[in-house]
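Contents: one structure, followed by commentary.
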Amino acid sequence: MRYISYAVETGQKNMDIDAQLLEDAIAKNLQEPIFRLYGWAPACVSLGRNQDDKFLNRDFLRSKNIDVVRRLTGGRALLHDNEITYSFICPVSYLEHGEHVVSSYIEISQILIEKFKKLGINLDFGKSKQIKTGFDYCMLVSTGADLCFDNKKLIGSAQCRKNGYILQHGSILYDYDKILLETVFGEKIQADEITTVKQINPDLTKEQLIEILSSEV
């Protein structure tokens, strides 16, 4: 697996890098998967490929120096702030069940599960619960591809597919500003819905987390 070291970029630059990595993989018929880690500066709202953006208060976002970008992938919006984002690119044929969307999420997410095990944090796909809809904020939406701790969502991921290749990327919450999130999305966030790395292990620094995520499984 090719690892691309953690770097902090603007939202548009991060999305451009992911898109270029996907295009390069397709053009070169790469068989080796790519795993990239990155951060965002300034903070940024990313919108799903087909998501309506009418809920956004652009004046408020500008006042807080928060960018807006649209992703290649589907799903709902995220506020990328105090988090680590990953992206994983591979040919569909690299996965045992790459043609099946949910199964491919599970296979790729297993990489993250194994990395978090090194930190003593056991993640899974959560218990079966009613699917939530009608929310603009991705972390409030339950799907079978979410990685959870104690049945609370920690990592939200999205995919796109092109010419036999998969790009999956996702948000790993290190910490968050509850008031800011609720203001941006106009939605209440309950303590039993999402969790963060800092809540799970307050002594684990972001730098330590990046180091483990950057290492071979």
Side-chain angles (χ1 to χ4, degrees), residues 1-22 24-25 30 32-46 65-67 69 71-73 75 77-90 94 105-125 137-139 145-150 152-159 166-178 180-181 194-217:
M1 188 181 303
R2 176 189 170 196
Y3 284 85
I4 297 180
S5 299
Y6 177 84
V8 176
E9 304 286 356
T10 65
Q12 189 60 61
K13 181 71 178 293
N14 276 325
M15 295 301 91
D16 288 346
I17 292 172
D18 274 357
Q20 190 59 56
L21 286 171
L22 176 62
D24 287 348
L30 294 181
E32 180 184 29
I34 300 168
F35 186 81
R36 174 183 174 233
L37 295 174
Y38 52 97
W40 309 64
C44 182
V45 172
S46 75
N65 192 32
I66 297 173
D67 285 349
V69 72
R71 304 190 304 269
L72 284 173
T73 55
L78 285 161
L79 175 62
H80 304 279
D81 190 7
N82 196 358
E83 68 162 60
I84 299 166
T85 306
Y86 80 91
S87 64
F88 182 89
I89 295 168
C90 71
Y94 176 80
Y105 270 109
I106 292 172
E107 285 188 62
I108 294 169
S109 296
Q110 192 63 42
I111 296 169
L112 298 169
I113 290 173
E114 294 301 321
K115 288 177 181 292
F116 272 88
K117 275 184 181 178
K118 293 182 178 182
L119 296 164
I121 298 174
N122 294 315
L123 302 182
D124 56 35
F125 294 96
Y137 179 42
C138 171
M139 298 300 279
D146 301 328
L147 279 178
C148 302
F149 178 84
D150 195 23
K152 299 175 185 178
K153 190 168 177 177
L154 176 69
I155 304 174
S157 301
Q159 271 190 16
I166 298 169
L167 162 65
Q168 178 172 310
H169 54 195
S171 170
I172 304 168
L173 282 180
Y174 181 75
D175 198 8
Y176 67 90
D177 181 329
K178 183 174 183 289
L180 179 60
L181 274 180
I194 64 176
T195 190
T196 69
V197 172
K198 194 169 183 179
Q199 288 173 330
I200 298 168
N201 183 352
D203 296 325
L204 182 64
T205 67
K206 187 184 288 187
E207 290 73 23
Q208 290 170 324
L209 177 58
I210 291 168
E211 182 178 357
I212 289 297
L213 291 174
S214 301
S215 64
E216 296 281 353
V217 174

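As a basis for the values below, the full set of heavy atoms in this structure was taken, side chains included, without hydrogen atoms, waters or symmetry mates.
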message = Are the side chains of Thr196 and Asp175 in contact, using a 4.5 Å heavy-atom criterion?
response = yes
inquiry  = Less than 4.5 Å apart, side chain to side chain, heavy atoms only: is that true for Ser109 and Gln168?
reply    = yes
Atom CD of Glu211 with >12 non-hydrogen neighbours under 6.0 angstrom = no
task = Would you please test Tyr38 and Glu9 for side chain to side chain contact (heavy atoms under 4.5 Å, CB included) and show each step?
result = CA-CA 7 Å; Tyr38 52 97; Glu9 304 286 356; 5.9 Å; no
task = Report the distance from atom OH of Tyr94 to atom CD1 of Ile166, rounding to the nearest 0.5 Å.
result = 11.5 Å
inquiry  = Looking only at the side chains, is there a donor atom on one of Thr85 and His169 sitting less than 3.5 Å from an acceptor on the other?
reply    = no
ask   = At what distance, to the nearest 0.5 angstrom, does OG1 of Thr10 lie from CD1 of Ile17?
value = 8.0 Å
task = May I have the step-by-step check of side chain to side chain contact (heavy atoms under 4.5 Å, CB included) for Leu147 and Phe116, ending in yes or no?
result = CA-CA 11 Å; Leu147 279 178; Phe116 272 88; over 6 Å; no
query = Less than 4.5 Å apart, any side-chain heavy atom of Asn82 and any of Lys198?
reply = no
Within-4.5 Å side-chain heavy-atom neighbours: Val197 and Leu209 = yes
task = Determine yes or no for a side-chain-to-main-chain donor-acceptor pair under 3.5 angstrom, with Asn14 supplying the side chain and Gly39 the backbone.
result = yes
key: Between CH2 on residue Trp40 and CD on residue Glu83, distance to nearest 0.5 Å   = 7.0 Å
query = Judged by atom type as modelled, is there a donor-acceptor pair below 3.5 Å linking the side chain of Arg71 to the main-chain atoms of Ser46?
reply = yes
message = Is it true that Tyr86 and Ser157 share a donor-acceptor pair across their side chains at a distance under 3.5 Å?
response = yes
message = For a 4.5 angstrom cut-off between non-hydrogen side-chain atoms, does Met1 reach Ile111?
response = yes
task = With the side chain counted from C-beta on, respond yes when Ile172 and Leu213 share a heavy-atom pair under 4.5 Å apart, and no when they do not.
result = yes
Gln208 to Asp203 - nearest heavy-atom pair and separation = OE1-O, 3.6 Å
key: Minimum-distance pair of heavy atoms, taken over all atoms of Asp18 and Ile89   = O-CD1, 3.9 Å
Phe35 and Leu112, any side-chain heavy atoms less than 4.5 Å apart = yes
query = Can you tell me how far CD1 of Ile34 sits from CD1 of Ile4, rounded to the nearest 0.5 angstrom?
reply = 5.5 Å
query = Taking side chain as C-beta onward, heavy atoms only, is Pro42 less than 4.5 Å from Ile66?
reply = no
request  = Using the six-membered ring of Tyr6, assess whether NZ or CZ of Lys206 lies under 6.0 Å from its centre and within 45 degrees of the ring axis.
outcome  = no
note = d(Ile210 CD1, Leu37 CG) to nearest 0.5 Å is 7.5 Å
note = All heavy atoms of Thr73 vs all of Leu167, minimum pair found to be CG2-O, 4.1 Å
inquiry  = Within the 3.5 Å criterion, strictly below it, is a donor on Asp16 or Gln20 matched to an acceptor on the partner's side chain?
reply    = no
task = Evaluate side chain to side chain contact (heavy atoms under 4.5 Å, CB included) for Lys117 paired with Glu114, printing each intermediate quantity in order.
result = CA-CA 5 Å; Lys117 275 184 181 178; Glu114 294 301 321; 3.6 Å; yes
request  = Identify which one of Asp81, Ile155, Ile194 satisfies the side-chain contact (heavy atoms from CB on, under 4.5 Å) criterion when paired with Leu173.
outcome  = Ile194
ask   = Measuring from Leu204:CG to Ile121:CD1, what's the distance to the nearest 0.5 Å?
value = 6.0 Å
query = What's the shortest heavy-atom distance between Cys44 and Gly11, and which atoms?
reply = SG-CA, 3.9 Å
